[in-house]
Amino acid sequence: MNVRRRLIPTAAVTAVTALAMGTLSACSSDSAAAGNTDKFDVVASFYPMAFLAERIGGGHVNVTSLTQPGQEPHDLEISAKQTAQLEETDAALHLKGLQPNIDEAIGQSGVKTKIDAATLTTLETHGAGDTHGHEGEGGHEGHSHETEGGKDPHVWLDPVKYAEVAEGVGKAFEKADPDHAADYRKNTETLVGELNALDTTLEAGLKNRKSDVFITTHASFGYFAERYGLTEEAINGLDPESEPSAARVKKLAETARADGVTTIFYETLVSDDTAKTVAKDAGLKTDVLDPLEGITDSSRGDNYFEVMESNLKALQTALGSA
């Protein structure tokens, strides 16, 4: 529990007053407050942010996720208890544009350190069709989790971009909790090394393939596809809850035939009904390609790296590279 807002004993007030004109700097009180707690408290918006905080913070942090396991994160309503929690934490880590309600709550909160992962890497626009498509293309009806300007927020599915975010988070932790800066730096370097190794594994694993095209329920793999030279065709665009038009379904069936697509991918946190309907109409199989917005009992792995490796295996089978 953060003690920043607890009453300071009289002796401490006297000491602070005596030092106010001397060696106590404007920011050292914040550093001391973080140091006086058992842990550096971090509130993370959803799993990919919580994972970074836990790996970078190690034993020095206490991480709480606003999105519970199994919750679909995009339209999450933040509770009064969670709003109050933001006022008690040392840092809040989110990815602006993915969860508007959380973005607003963090923006209005008094938390000292606010870390927006969207500012730590370069965001791009990915359409509902292929990775270079345009907003509104192919029956894209929703904007529930685009950033400003229609940018795609799913940067964590590209290990290279996720590593860039990790480096930025690590620097923010170092600044906010300087007593443990060396450990944060070391942990960040370790994590970035693992993400770079994953990038190498994915690139090698997808190199010899028969097809470049894969079909998903919603367009969350744009960065991933761009990184590894693939083309993602999405049923629902960037909004996982929108319904595809009849024209979109027809186009996907034609694409599947033309490009030798065998599989329609769905995800763990959203209903697979649409994927199964489209697959049945087109005579295709279905499988899971997990956008890693949360880990549940049905996830094919217990953490980011395990699920990404499972995604690789699923894609290798679908693309003919297994």
Side-chain angles (χ1 to χ4, degrees), residues 1-9 12 16 25-71 73-120 145 153 155-156 162 165-185 187-188 191 293-295 303-304:
M1 186 68 160
N2 191 304
V3 298
R4 182 182 296 137
R5 289 169 180 77
R6 290 179 183 171
L7 294 176
I8 304 174
V16 169
S25 69
C27 63
S28 65
S29 59
D30 291 320
S31 299
N36 285 339
T37 60
D38 290 335
K39 301 282 187 178
F40 179 62
D41 294 321
V42 180
V43 170
S45 55
F46 74 129
Y47 176 74
M49 299 299 101
F51 181 75
L52 287 183
E54 289 169 353
R55 286 296 310 272
I56 292 168
H60 301 306
V61 300
N62 175 47
V63 180
T64 303
S65 178
L66 294 175
T67 307
Q68 301 305 306
Q71 275 187 306
H74 297 105
D75 297 314
L76 179 71
E77 295 286 346
I78 189 169
S79 69
K81 180 180 178 181
Q82 289 173 321
T83 301
Q85 193 173 36
L86 283 172
E87 298 299 335
E88 303 241 348
T89 193
D90 294 306
L93 172 59
H94 68 130
L95 202 166
K96 190 174 181 180
L98 190 90
Q99 297 170 288
N101 295 321
I102 289 180
D103 295 340
E104 183 178 3
I106 291 175
Q108 294 176 354
S109 75
V111 60
K112 175 69 175 177
T113 299
K114 300 175 182 179
I115 309 168
D116 175 11
T119 67
L120 303 178
H145 64 293
V155 290
W156 65 92
Y162 201 34
V165 174
E167 289 176 338
V169 172
K171 290 176 183 176
F173 279 19
E174 290 177 39
K175 183 178 180 180
D177 184 20
D179 287 348
H180 302 114
D183 287 341
Y184 295 146
R185 193 174 304 116
N187 293 344
T188 300
L191 177 58
E293 292 170 351
I295 297 289
N303 60 50
Y304 174 85

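What you see is a predicted model, and the numbers here were worked out from it, not measured in a lab.
The shortest distance between side-chain heavy atoms of V155 and L95 falls below 4.5 Å. When side chains are defined from C-beta on, L86 does not count as touching Q108, because their heavy atoms never get closer than 4.5 Å. Side-chain contact between F51 and W156 is absent, with no heavy-atom pair separated by less than 4.5 Å. Proximity of Y304 to P48: side-chain heavy atoms (C-beta onward) are nowhere separated by under 4.5 Å. A 4.5 Å side-chain heavy-atom check between K175 and K171 finds every atom pair outside the cut-off.
Scanning all heavy atoms of the two residues, the minimum distance from I56 to A166 falls at CD1-O, 3.4 Å. Between A181 and E174, the shortest heavy-atom contact is O-CG, 3.6 Å. Summarising the geometry of D90 relative to K39, their closest heavy-atom pair is OD2-O, 3.9 Å, with the distance given to 0.1 Å. Across A117 and V165, no two heavy atoms sit closer than the pair CB-CG1, 3.6 Å.
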Could you go through the side chain to side chain contact (heavy atoms under 4.5 Å, CB included) check for L191 and N187 one step at a time? CA-CA 6 Å; L191 177 58; N187 293 344; over 6 Å; no

Begin with the C-alpha distance, continue with both residues' side-chain angles, and end with the deciding distance and a verdict on side-chain hydrogen bond (donor to acceptor under 3.5 Å, both in side chains) for D103 and H94. CA-CA 7 Å; D103 295 340; H94 68 130; 2.9 Å; yes

Does the side chain to side chain contact (heavy atoms under 4.5 Å, CB included) test come out yes or no for F173 and T113, once each step is laid out? CA-CA 9 Å; F173 279 19; T113 299; over 6 Å; no

Please lay out, stage by stage, how L93 and V43 fare under the test side chain to side chain contact (heavy atoms under 4.5 Å, CB included). CA-CA 6 Å; L93 172 59; V43 170; over 6 Å; no

Could you check I102 against L76 for side chain to side chain contact (heavy atoms under 4.5 Å, CB included), going step by step and ending with a plain yes or no? CA-CA 8 Å; I102 289 180; L76 179 71; 3.6 Å; yes

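Although no hydrogens or angles enter the test, the distance criterion places a donor-acceptor pair under 3.5 Å between the side chain of D116 and the main chain of K96. A distance-only check finds a donor-acceptor pair linking the side chain of E87 to the backbone of G110 [under 3.5 Å]. With K112 contributing its side chain and A91 its backbone, the two residues share no donor-acceptor pair below 3.5 Å.
For the atom pair L52 CG and Y47 OH, the distance stands at 9.5 Å (nearest 0.5 Å). Atom CD of Q71 is separated from atom CZ of F46 by 13.0 Å, given to the nearest 0.5 angstrom. Going from atom CG of L120 over to atom CD1 of I115 covers 8.0 Å, rounded to the nearest 0.5 Å. Considering NE2 of H74 and OG1 of T67, their distance stands at 9.5 Å, rounded to 0.5 Å. Summarising the geometry, atom CD belonging to Q82 is positioned 11.0 Å from atom CG belonging to N101; distances are rounded to the nearest 0.5 Å. Atom OG of S45 sits about 10.0 Å away from atom CD1 of I78, to the nearest 0.5 Å.
Note: H180 and Y184 have perpendicular aromatic rings, judged against thresholds of 30 and 60 degrees for the angle between ring planes.
Tested against H60 for a side-chain hydrogen bond (donor to acceptor under 3.5 Å, both in side chains), the candidates D183, D38, D179 yield a single pass: D183.
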